[in-house]
Amino acid sequence: RMVHTKCRGGKYPFSEIKRQTFPDELVPWSVKFPDYNPPEHNSKALLNKPWADPPIDDPHFQPKWNELDGSINRKSHTGNYAVSEGRPFNPEGRTGVRGRGVLGKWGPNHAADPIVTRWKLVDGTKQINSFSKLPVLQFCAIQRRDCKQWALPGGMVDPGEQVSETLKREFLEEAMNSLEASKEQSESDMEMVKQFFQGGTEIYKGYVDDPRNTDNAWMETVAVNFHDDEGTSVGKFDLKAGDDAQSVRWTDIDRNLDLYASHSSMIEAVARKLSAHW
Ligand code: RP5
Ligand code: MG
Ligand code: MG
């Protein structure tokens, strides 16, 4: 497996904090690195936010690491993470920044990513790529408002929320603008989406190489593919960006996709599974 790269080097997102840089060999915690002394960053915007953890040294903060802590899931999909001096440690290794950065939770921050796909049709027939001789798949991509990068329309799993619910909710919010749609509109869309979102295939579950990750806080996701094979369900929808998405579009899938975090490797897995062009 490849080491994380998107949460290394350069400035930490939305800050002037420079990550300590080091070669790939020094990423694993098991490799000695005496000169490792990264800056600490904890966004002030998280203070007193009801959805965020308190500061790590708050005496009232008594998290249960590696456990389901009330309604907060502090378990990692990757297995047990290390905890040292009261802090959880990134299971993928060093990131060049300590603290939790802009992430709400110390340790794992759980998200879900719907990968909604349809075949690319030209005059009603599947378009075949001339090199691979395989049909071209399209997926629903959103442009993130925060960093302008194209991404899956994913989001955080709310405390106590079922992942299946998060997948549907985030798709509705970010790709169908459900938060601002008229009531009848969102109810009729809701019916079709409800049906459609019953038949998903889990593609990936685990760590996300997200630019917001730090040594003590990181993103994890469950990515599920919902495929509209006939293009008669969600595949025929006019998508409309909403919430933390500023644009949305059906995007042709191939290996040149440059997406947020590790989203292109999740898309690749879908393309291979559906024997589509990559
Ligand atoms: C990524 O961040 C996940 O894969 C998911 O797409 C996203 C969740 O964060 P927000 O979109 O809520 O910022 O790591
Ligand atoms: Mg969202
Ligand atoms: Mg989102």
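In listed order, ligands and their atoms are each counted from 1. This one's a predicted model, so the numbers in the text were calculated from it and none came from an experiment.
- Val234 and Val136 are not part of a single hydrophobic cluster, where members link through side-chain heavy atoms under 4.5 Å apart.
- Using 4.0 Å as the threshold, Glu170 has no heavy atom nearer than that to any atom of ligand 1.
- Looking only at its N/O/S atoms, Glu170 has OE1 as the one nearest to the Mg ion (ligand 2).
- Looking at Ala261 next to ligand 1, no N or O pair under 3.5 Å apart turns up.
- To the nearest 0.5 Å, the span separating CZ on Arg8 from CZ on Arg94 amounts to 10.5 Å.
- Checked by distance only, ligand 1 and Thr221 stay at 3.5 Å or farther apart across all their nitrogen or oxygen atoms.
- Using modelled atom types, one finds a donor on one side chain and an acceptor on the other under 3.5 Å when comparing Trp119 with Asp229.
- At a cut-off of 2.8 Å, Glu173 does not coordinate the Mg ion (ligand 2) through any N, O or S atom.
- Considering backbone and side-chain N/O of His263, one or more are found under 3.5 Å from N/O of ligand 1.
- For Phe226 and Phe197, the ring centers are positioned less than 6.0 Å apart.
- For the side-chain hydrogen bond (donor to acceptor under 3.5 Å, both in side chains) criterion with Ser247, the lone passing option out of Lys240, Arg144, Gln143 is Gln143.
- The atoms of ligand 1 that sit less than 4.0 Å from any heavy atom of Gly154 are 6 (O), 11 (O).
- Here's the thing with Asp210: one of its N/O atoms is less than 3.5 angstrom from an N/O atom of ligand 1.
- Residue Ala245 does not count as close to the Mg ion (ligand 3), with no N, O or S atom under 2.8 Å.
- Between Asp69 and Lys75 no salt bridge is recorded (no basic side-chain N to carboxylate O distance below 4.0 Å).
- Ring centroids of Tyr260 and Trp150 are separated by 6.0 Å or more, keeping the two rings apart.
- Protein heavy atom nearest atom 12 (O) of ligand 1, with residue, atom name and distance: Gly155 CA, 3.7 Å.
- Ring centroid separation for the pair His4 and Tyr207 comes in under the 6.0 Å cut-off.
- The shortest contact between atom 9 (O) of ligand 1 and any protein heavy atom is with Arg212 NH2, 3.1 Å.
- Salt bridge status for Asp53 with Arg100: absent, with no side-chain N to carboxylate O gap under 4.0 Å.
- Nearest to the Mg ion (ligand 2), among the N, O or S atoms that Glu174 has, is OE2.
- Listed by number with element, the atoms of ligand 1 under 4.0 angstrom from any heavy atom of Met219 are 2 (O), 8 (C), 14 (O).
- Of the inter-residue distances, the one linking Leu121 atom CG with Gln127 atom CD reads 9.5 Å to the nearest 0.5 angstrom.
- The distance from ligand 1 to the heavy atoms of Asp113 drops below 4.0 Å at these ligand atoms: 3 (C), 4 (O), 5 (C), 6 (O).
- The Arg144 neighbourhood of ligand 1 comprises atoms 7 (C), 10 (P), 11 (O), 13 (O), with distances under 4.0 Å to a heavy atom of that residue.
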